[in-house]
Amino acid sequence: MNPRDIEQALDEHLGAVLSSRRTAEAPARGLAALSGKQVEFALHWTEVISKSNSEMAYQFVAHAPRALAALGVEGTRRWLLRALEIYDREGLYPGSAAFADIDSFARERRLQHVAVELSEVQAVLERFIRGLAGRELKIATAADGRARTDTETLFLPPRIHRFDRREMNYRLYKTTAALLWAQTRFGTFRRAAPDAPHLVEHIAALGEQVGDHGRVLRLFNLLETIRLTACFERELPGLFRDMQSFETAAAATPARDATWRHFTVRLQAADATIADTLAATASLYPLQLPWPAAFLYQGELDPAAAQAVSDARVDSERAQLQRLLGELLAAAQGAPGDGDADDEAEQRRFHLRDDPGQDGGIELQLDGEAVSLPPEAAAVLSSLLQDLQQLPEDWLTPAGDGEYPPGRSAEATDATVAPADSPGPGQDDAIFYDEWDFRRRSYRKNWCALRESPAHPLHDDFAALTVEKYRPLVADIRRHFEALRDHDKLLKAQSGGDDIDLDALITARADARAGTEMTSRVFTRKHKAERDLAVVFMVDVSGSTKGWINQAERESLILLCEALEILRDQYAIYAFSGMTRNRCEIYAVKTFAQAYDRDTRARISGLRPQDYTRMGVVIRHLSAQLGRVEARTRILITLSDGKPDDYDGYRGDYGIEDTRQALLEARHAGIHPFCITIDTAAGDYLPHMYGHASYVVVDEVRKLPLKVADIYRRLTS
């Protein structure tokens, strides 16, 4: 390709994909100076990016020459993928800024060989945090790179490359996570009582006095880190040594100032609390001392987020505690007695030991005698005491069966609590999954929001009519499935057993006569060959299944469940549909824990066509469900009428490639996927998605109920 052809191609391509008033001449001139291979690379990615956003494509073209010069082709590919990931997550302006920030990316790339990614160490850090005392905490990526906690989740930067040794960068991850844990454990966000001010209110009050809220928060954070680091020195000296391996603020204490020393010594005392940190902040701020640098591992504080999360948790745990205390009191009281005994029970009261301490040694007393708390009640009480120094006496009043916590009526509860099967439009109940973009050859991070809810039941006679309709077939299926049940297998040549293995004995005698040592393995033993399977059925209820297809799917599930009850295999059934990446929906028809009963049959009967068919996110979700089941063999069977499709462009090659990638991930996790479809054109795409031996096409919808059980039998026998 000569330079004239390159310039012509650039003009034509940029004019087609960049719907903007600004001219493409400047980017074109920059690209025209590159090599032919680099220009082809830029043209390809301009087209790919323009499918997401034309302005992002323009920004790429504008910055690509400098990126290619600084990073090379592979480095530029990683740079543009990161910018697209930021665009997906945060929008156009942050994505455009990421394209412009080539220098920062180049620095990160130079340190890539020593950098530690959170995705590499997240599982280890979660186990590490779980091993520490306190409530269960999650770890998530802080998209903005700011380490912080909302008291339920520890947000950590996506990568750390501060040091030229990976071991030091991992240690910084560990100590940062530990300090965030300490904020939840040692009282950074703890209030004296439910009606006491939150930390955010204390900081706001100090900020109003001095006129600089942000500077007050930074000073408080520094002083609180000094207090928490002293807690590590006393209680977790190993972690304290890790913290000491970094440059600390203590090394830069301001000019040996006596006031600073006085307060920091107080904060390092064993009985120091958040009140001491607030007092030190109020006293030191007016002095305008040259504060030391922040600790490397201290992160940032977000008191507002912590307040919102802790308020919701305290309300929930208060109700939970009162319910558990009601159960505990009922167990202590025994069987109901006469009226006098009931009156006496109502007068019994729980009391908390005055000083439960921070070592988890919580003691609850009933009428002055210590009560052994069940693990669930102990965990709830411990969590409440991390948020509140004292619990009001009325919070220890038990709630009986069906009672509401004091101060809340049944009417108020009904008005404010959404039904469990109605997730609503909010994001709180969504689970986010990546999606594979084959054009980018990378994942779009946390791209799909999936919500799981129970399928709506329809209590009618559909199941009974289906069994009656297929009565001869049901009998035949049951007969075949009976043959697959656990059976005794005769093991020969055993060292011990129930009977003599005549063939092995003759062989042993012949060996002995020939001068060879005679074996002792001359017995037979019966061994029960057990099926060790876990199967999930993934049922398409998109709008295209309306009519006969939907009825055939429901009939298939009824026949299949009737047969599976004979085998006693572990199985679950989920239906799926949705519309766009923001509303992916999955409906639990039968979970592994649920029995095949009247309610399950009603949920099968209630399945109705919904919207679209976004398959990749559902496969990832159900693969995760299967991965938590103890079984030697795990199978994911899809029952569908067509190819992946959704309203927001999840169709054609894009949907097929994402589904294929999700299936590859499932296989990598040891799950065997299989597809049953009635789409007669499936041969065009299913071999690419599932493989030639992992799907079957049922050419007539009325045959579907007859085929599903037989296919399952062949798959699992």
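Given the structure is predicted, the values throughout are model-derived calculations rather than measurements.
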Shortest non-hydrogen contact between [X] and [Y], atoms and distance:
X    : Y    : value
I635 : T633 : CG1-CG2, 4.0 Å
V121 : Y173 : CG2-CD1, 4.0 Å
E152 : T149 : N-OG1, 4.2 Å
Q386 : T184 : NE2-O, 2.9 Å
A463 : I558 : CB-CD1, 3.7 Å
A552 : S556 : O-OG, 2.7 Å

Do the side chain of [X] and the main chain of [Y] share a donor and acceptor less than 3.5 angstrom apart?
X    : Y    : answer
R603 : V589 : yes
D150 : T153 : yes
S623 : I619 : yes
E562 : V467 : no
Q570 : E630 : yes
R634 : L626 : yes
E657 : Y654 : no
Q594 : T591 : yes
Q122 : I139 : yes
T677 : S640 : yes

State, yes or no, whether a side-chain contact exists between [X] and [Y] at a heavy-atom distance under 4.5 Å.
X    : Y    : result
I604 : L458 : no
S453 : Y587 : yes
I573 : C561 : yes
F537 : L564 : yes
W447 : D434 : no
T659 : Y650 : yes
V541 : P609 : no
E317 : S382 : no

Calculate, to the nearest 0.5 Å, the distance between atoms [atom1] and [atom2] belonging to [X] and [Y] respectively.
X    : Y    : atom1 : atom2 : value
R130 : L125 : CZ    : CG    : 11.0 Å
L607 : S577 : CG    : OG    : 11.5 Å
Y87  : I49  : OH    : CD1   : 11.0 Å
T141 : L154 : OG1   : CG    : 12.0 Å
F438 : I656 : CZ    : CD1   : 9.5 Å
R620 : C584 : CZ    : SG    : 10.5 Å

Should the pair [X]-[Y] be classified as a salt bridge under the 4.0 Å nitrogen-to-oxygen rule?
X    : Y    : answer
R313 : D387 : yes
R583 : D611 : yes
E376 : R323 : yes
E85  : R444 : no
E555 : K469 : yes
K643 : D540 : no
K138 : E126 : no

**OP:** Start with the C-alpha gap between T613 and D645, add the side-chain angles, then the distance that decides, and say whether side chain to side chain donor-acceptor pair (under 3.5 Å) holds.
**Re:** CA-CA 5 Å; T613 318; D645 181 64; 5.8 Å; no
Subject >> Steps toward side-chain contact (heavy atoms from CB on, under 4.5 Å) verdict (F432, L450) >> reply: CA-CA 6 Å; F432 291 90; L450 180 139; over 6 Å; no
Original post:
Does the side-chain contact (heavy atoms from CB on, under 4.5 Å) test come out yes or no for R608 and N550, once each step is laid out?
Top reply: CA-CA 7 Å; R608 292 294 182 270; N550 176 258; 4.2 Å; yes
**OP:** Evaluate the criterion side-chain contact (heavy atoms from CB on, under 4.5 Å) for residue pair E435 and K445; output intermediate values, then yes/no.
**Re:** CA-CA 7 Å; E435 186 169 273; K445 301 294 185 182; over 6 Å; no
For a quick check under 3.5 Å, do [X] and [Y] share a side-chain donor-acceptor pair by atom type?
X    : Y    : answer
S52  : R440 : yes
Y612 : T580 : no
S544 : D641 : yes

Original post:
Going through the distances and angles, do M538 and L639 end up as a side-chain contact (heavy atoms from CB on, under 4.5 Å)?
Top reply: CA-CA 6 Å; M538 174 179 148; L639 191 60; over 6 Å; no
Does NZ or CZ of [X] come closer than 6.0 Å to the centre of the six-membered ring of [Y], within 45° of the ring's axis?
X    : Y    : result
R148 : F155 : yes
K590 : Y571 : yes
R601 : F462 : no

Subject >> Evaluation steps, side chain to side chain donor-acceptor pair (under 3.5 Å), between Y690 and T638 >> reply: CA-CA 11 Å; Y690 280 86; T638 303; 3.0 Å; yes
